[in-house]
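Down below is the structure, laid out as structure tokens.
Note that the structure is a prediction, hence the values are computed from the model and not measured. Chain identifiers are assigned alphabetically (A, B, ...) following the order of the sequence lines, protein sequences preceding nucleic acid strands; residue numbering begins at 1 within each chain. Just the heavy atoms: all of them, side chains too, but no hydrogens, waters or symmetry mates, feed the values below.
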Protein chains: 2
Amino acid sequence: MTTTKERILDASSELFRRQGLTGTGIKQVLAVAHAPFGSLYHHFPGGKDQLAAETIARAGSWYGQMVMEKLLSISDPVESIRAAFLAAGETLESTGYADACPIETIALEVASTNEQLRVACHEVFEAWVAGLAAWLEGGGVAPTDTRPLALTIISTLEGAFVLARVARSTGVLAATADAMALLVSDSISRASRG
Amino acid sequence: MTTTKERILDASSELFRRQGLTGTGIKQVLAVAHAPFGSLYHHFPGGKDQLAAETIARAGSWYGQMVMEKLLSISDPVESIRAAFLAAGETLESTGYADACPIETIALEVASTNEQLRVACHEVFEAWVAGLAAWLEGGGVAPTDTRPLALTIISTLEGAFVLARVARSTGVLAATADAMALLVSDSISRASRG
DNA sequence: GTCTATAAACCGATAGAC
DNA sequence: GTCTATCGGTTTATAGAC
């Protein structure tokens, strides 16, 4: 059973991802959620900022889990990384180049304008980096390499989303998939050599 | 001598970069530009959309040229790429993590909401990729590798900007600088061997 | 407690004074 | 042609009806 608050957060997640935070009105969120206007301030007394903060944390956690599950489903880490980038491209294409990272647009909008939301976005990315670094270490990457490599992989995915969405093409995800697979492969073979 | 139109475009470039397109009002742009309100519709009859389109093209061209000049100033392509990433980090830090890519926030905002501006952003990125690919070929990268490598480098830089701005740290630019230098180095040595 | 009606401010855009 | 005053619409937020 879905509660009103969950429906509101589902709607805000989708709209913020496609239109950004400042580009989305709370009335539009409530219309999509099929909730009356006043219910927003009942469930989110802090108004739009609180809605945004909870949306960032919830959508960020959901997206990170989804990506990690995809990585864990393939045993070879090099092919896992490649598959994750290609799968992101397929999702993008099948949603009309709308559904990429749920917090990226918000992150750029708030980075210099809203300290509280900036920190909320940072915490999501930091959790992703930590999770990916741990997974890389389990896959045979040297411990000193895991964090820089995780930062690079997530940065590249986020940047590829920007180029792919404005190009309406998955080419950049194919190119970055190969590059990231090569970096992971290099790192593992360097660790095994000593 | 700076014209009113140039002052308006300078102001819109800075404000759109920091606050995004939907987060910036045209009244705020004119206030920063020290221009009266009516002058916007004199110089930009198409209103905010025309202002945005010209801002994207102008700021995008300026930023691409600036980065390319930085790349050309160092002879070794591997160290050029590393230096460009590190320099971007220094600029970011010295501007309070505000001045990154001038069109990235706009690109994500308009990708699914404004077809004309989406294309304008795509054209800017496409010009950057073509310029960087040509530069890489001149540096010894195999012709078949130049475009995928250019796409990867620009994607990684754009993504690193997102993480760096919300983290208020240049660490991700240091990590990605090393990774991109490694990719370029690998590509050049692969070309020279085969 | 759920929801409607409205407030106060701001948006992009335009008409028209000078 | 430069600029001001204002339009209609929309924004977030709140007050209060039921």
Original post:
What is the distance from CG of B:Leu15 to C1' of C:dC11, rounded to the nearest Å?
Top reply: 16 Å
Original post:
Which whole-number value in Å describes the distance from A:Phe37 CZ to C:dA5 C1'?
Top reply: 11 Å
Subject >> Over-ring placement of A:Lys5 relative to A:Phe44, 6.0 Å and 45° cut-offs >> reply: yes
Original post:
Quick one: which of C:dC11, D:dT14, D:dC3 gets closest to the side chain of B:Pro36?
Top reply: D:dC3
**OP:** Respond yes when some side-chain nitrogen or oxygen of B:His42 is under 4.0 Å from OP1 or OP2 of D:dT2, and no when none is.
**Re:** yes
Original post:
Which whole-number value in Å describes the distance from B:Ile26 CD1 to D:dC3 P?
Top reply: 16 Å
**OP:** Treat each ILVMFWY residue as a node, draw an edge where side-chain heavy atoms are under 4.5 Å apart, and state whether A:Leu151 and A:Met68 are in one component.
**Re:** yes
**OP:** Could you state whether B:Trp128 and B:Val119 fall into the same hydrophobic cluster, counting links through intermediate Ile, Leu, Val, Met, Phe, Trp or Tyr residues with side-chain heavy atoms under 4.5 angstrom apart?
**Re:** no
Original post:
If you check the A:Lys27 side chain, which of C:dT14, C:dT4, D:dT11 turns out closest?
Top reply: D:dT11
**OP:** Write down the distance between CG (A:Leu30) and P (D:dT10), rounded to a whole number of angstrom.
**Re:** 16 Å
**OP:** Would you mind classifying the nucleic acid contact of A:Thr22 as base, sugar-phosphate or nothing, using non-hydrogen atoms under 4.0 angstrom?
**Re:** nothing
Original post:
Closer to the 5' end of DNA chain D via nearest nucleotide, is it A:Gln28 or A:Pro45?
Top reply: A:Gln28
Original post:
Under 4.5 Å between side-chain heavy atoms, hopping through other hydrophobics if needed: is there a path connecting A:Trp135 to A:Val78?
Top reply: yes
Original post:
Which part of the nucleic acid, if any, lies within reach of B:Gly38 when heavy atoms closer than 4.0 Å are counted: base, sugar-phosphate only, or nothing?
Top reply: base
